[in-house]
K.L.:
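Questions regarding the structure given below will be posed in turn.
As the structure is a computational prediction, the values presented were derived from the model and not from experiment.
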Amino acid sequence: MEWNAYWQKASVWLQSSGLHILLVSVLTLVALKAARVFSSRLITMISRQKEDAEFQKRIQTLGSIIRYVLIIGVLAVATMMILKKFGVEIGPLLAAVGIVGLAVGFGAQSLVKDVISGFFILLEDQIRVGDVVQVSGKSGLVEKISLKTVILRDLAGNVHYVPNGQIDVVTNMTKEYSRFVFDIGVAYREDVDEVIAIIKRVDEELRNDPDYREDILEPMEVLGLDQFAASAMIIKTRTTTKPIRQWRVAREFNRRLKKKFDERNIEIPFPHVTLYMGQDKKGEAPPLPVLCKGAQVEHSRDELGRPT
């Protein structure tokens, strides 16, 4: 008799609350799918309004956050509706959750700091998916941004997970446009004006190349003779390109400039060392014996038999 009573109660519960829970679960799955579709279509619709690459990066970044918030909201509502059907009072539960959340907030201050920092990073548009940035000593391409972490992938393929709370300084190398600064060293014997003319000519040829002219935004800016180094004169220049294109353009410019220097016999110096042996009170320098291996070298000797 007891089993029959339990079965009857279970049947009644399944016919009433059970069907409701099943319906809520199905609607939750539909809502989750709808949230993904809605966020994707919203992003697509907004992105069509402007073809700018920077605008597209920002929309893509915000789209992932919108999708995340919608999914969390749907799951929270569905969970409360299901708990209510199990006889759990939502009001006291929400109050308890608030108290627990406050306690967890004090205990997990780093997590709260990550979320708040991530919110302001997104609000101020400091970092977007597709940017190349340097944060917390790590550099790389931004693959994903959330309210908690920034995920970077460096040139070697390593993935770095940086908590937003540890980000104090953000260096964005691809915001709106990019630049590359060249320090071009030439020998002291060279004519600076001739070298600058060659640099401008190589830049002009590169800007007229169909493979690179879309990447370069303006002619190279020659800042002039920047310093006299130990064995070279340093001429500083910089080029302005589209975001992330600066390294590609710089490598090709260096290749062409080296070939042009070789054609014009412009020396790119290596470090030189000058030995000074000193002088005695008479203004004479002591002799410097030199030993050459693999060759017979005859040294002249003075009256005491010392090599000179």
Side-chain angles (χ1 to χ4, degrees), residues 132-134 139-141 154-156 171-280 282-300 307-308:
V132 177
V133 301
Q134 180 177 0
S139 301
L141 179 71
D154 62 20
L155 189 61
T171 303
N172 194 329
M173 292 173 273
T174 56
K175 188 70 177 289
E176 297 181 1
Y177 63 87
S178 297
R179 277 179 173 162
F180 192 95
V181 178
F182 299 87
D183 290 323
I184 303 171
V186 295
Y188 279 95
R189 73 179 190 186
E190 306 298 342
D191 184 354
V192 174
D193 294 336
E194 180 186 4
V195 173
I196 292 176
I198 293 174
I199 292 172
K200 292 182 177 179
R201 190 175 305 115
V202 172
D203 172 64
E204 183 178 1
E205 293 174 357
L206 190 60
R207 286 186 287 107
N208 292 330
D209 191 320
D211 293 334
Y212 294 92
R213 63 187 176 192
E214 297 297 330
D215 297 335
I216 304 174
L217 299 180
E218 60 186 45
M220 178 174 289
E221 183 179 0
V222 180
L223 303 178
L225 180 57
D226 186 63
Q227 59 178 305
F228 296 103
S231 58
M233 298 183 295
I234 306 300
I235 299 174
K236 187 178 290 291
T237 68
R238 69 180 181 184
T239 185
T240 305
T241 69
K242 291 182 177 180
I244 310 184
R245 301 293 185 178
Q246 69 268 38
W247 296 290
R248 175 176 183 263
V249 172
R251 285 190 290 267
E252 179 63 17
F253 176 83
N254 286 333
R255 186 186 71 86
R256 298 189 180 204
L257 185 65
K258 175 61 169 63
K259 293 182 65 176
K260 188 65 69 174
F261 278 179
D262 291 342
E263 294 175 3
R264 300 293 296 270
N265 197 27
I266 301 294
E267 180 184 355
I268 301 177
F270 51 86
H272 293 74
V273 177
T274 300
L275 295 178
Y276 175 65
M277 302 307 297
Q279 293 180 345
D280 56 18
K282 296 180 179 180
E284 297 178 354
L288 175 63
V290 177
L291 176 62
C292 297
K293 293 185 178 180
Q296 294 288 335
V297 179
E298 294 184 0
H299 297 279
S300 61
T308 59

K.L.:
Are D262 and K258 side-chain neighbours, meaning at least one heavy-atom pair lies under 4.5 Å?
P.N.:
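Heavy-atom side-chain distance check passes, below 4.5 Å.
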K.L.:
Taking the side chain as every heavy atom from C-beta outward, state whether V181 and L223 have any pair of such atoms under 4.5 Å apart.
P.N.:
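Heavy-atom side-chain distance check fails, nothing below 4.5 Å.
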K.L.:
Rounded at 0.5 Å granularity, tell me how far OG1 in T237 sits from CD1 in I199.
P.N.:
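The OG1 atom of T237 sits 5.5 Å away from the CD1 atom of I199.
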K.L.:
Does any non-hydrogen side-chain atom of K242 lie less than 4.5 Å from one of L217?
P.N.:
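Yes - at least one pair of side-chain heavy atoms lies under 4.5 Å apart.
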K.L.:
Hey, does F261 have a side-chain heavy atom less than 4.5 Å from the side chain of I198?
P.N.:
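Yes. Closest side-chain heavy atoms under 4.5 Å.
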K.L.:
Can a donor-acceptor pair be found, under 3.5 Å and without considering hydrogens, that links the side chain of D203 to the backbone of M220?
P.N.:
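Checked: pair present.
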K.L.:
Is any side-chain heavy atom of T240 closer than 4.5 Å to a side-chain heavy atom of E221?
P.N.:
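No - every pair of side-chain heavy atoms lies 4.5 Å or more apart.
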K.L.:
Looking only at atom types and distance, does a side-chain atom of T241 sit under 3.5 Å from a main-chain N or O of Q246, one as donor and one as acceptor?
P.N.:
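Yes, the answer is positive, given that a donor and an acceptor are paired below the 3.5 Å cut-off.
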K.L.:
Minimum heavy-atom separation for Y212 to V249, with atom names?
P.N.:
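The pair with the smallest heavy-atom distance is CD2-CG2, 4.4 Å.
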K.L.:
Shortest non-hydrogen contact from E218 to R207?
P.N.:
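Reported closest heavy-atom pair: O-CD, 4.0 Å.
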K.L.:
Donor-acceptor pair, distance only, cut-off 3.5 Å: does the side chain of S178 make one with the backbone of R245?
P.N.:
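The answer is no, because no donor-acceptor pair under 3.5 Å joins these two groups.
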K.L.:
Go through the steps for E204 and N208 under the test side chain to side chain contact (heavy atoms under 4.5 Å, CB included), then give the verdict.
P.N.:
CA-CA 6 Å; E204 183 178 1; N208 292 330; 3.7 Å; yes
K.L.:
At their closest point, which heavy atom of I268 faces which heavy atom of G185, and how far apart are they?
P.N.:
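Between these two residues, the closest heavy atoms are CG2-O, 3.8 Å.
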K.L.:
Determine whether R256 and E252 make a side-chain contact, defined as any pair of heavy atoms from C-beta on separated by less than 4.5 Å.
P.N.:
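Sidechains of E252 and R256: in contact.
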K.L.:
Can we say E263 and K260 salt-bridge, meaning some charged N sits less than 4.0 Å from an Asp/Glu carboxylate O?
P.N.:
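Yes, charged N to carboxylate O under 4.0 Å.
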K.L.:
Once you round to the nearest 0.5 Å, how far does NZ of K236 lie from CG of L225?
P.N.:
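That separation rounds to 11.0 Å.
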K.L.:
I'd like to check M233 versus F228 (side-chain heavy atoms, cut-off strictly below 4.5 Å). Are they in contact?
P.N.:
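In short, these two side chains touch, coming nearer than 4.5 Å.
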K.L.:
Is the closest side-chain heavy-atom distance between W247 and L155 below 4.5 Å?
P.N.:
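No; the side chains remain at least 4.5 Å from each other.
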K.L.:
Which pair of non-hydrogen atoms, one from V192 and one from I235, has the smallest distance, and what is that distance?
P.N.:
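In this case the closest contact between V192 and I235 is CG1-CD1, 4.2 Å.
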K.L.:
Start with the C-alpha distance between E194 and I266, add both sets of side-chain angles, then the distance that settles side chain to side chain contact (heavy atoms under 4.5 Å, CB included), and finish with yes or no.
P.N.:
CA-CA 9 Å; E194 180 186 4; I266 301 294; 4.1 Å; yes
K.L.:
Specify the closest pair of heavy atoms between E190 and E267, including all atoms of both residues, with the distance to one decimal.
P.N.:
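The pair with the smallest heavy-atom distance is OE2-N, 3.0 Å.
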K.L.:
Do you know which two heavy atoms are closest between V132 and T174, and how far apart they sit?
P.N.:
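Looking at all heavy atoms of both residues, the closest pair is N-OG1, 3.0 Å.
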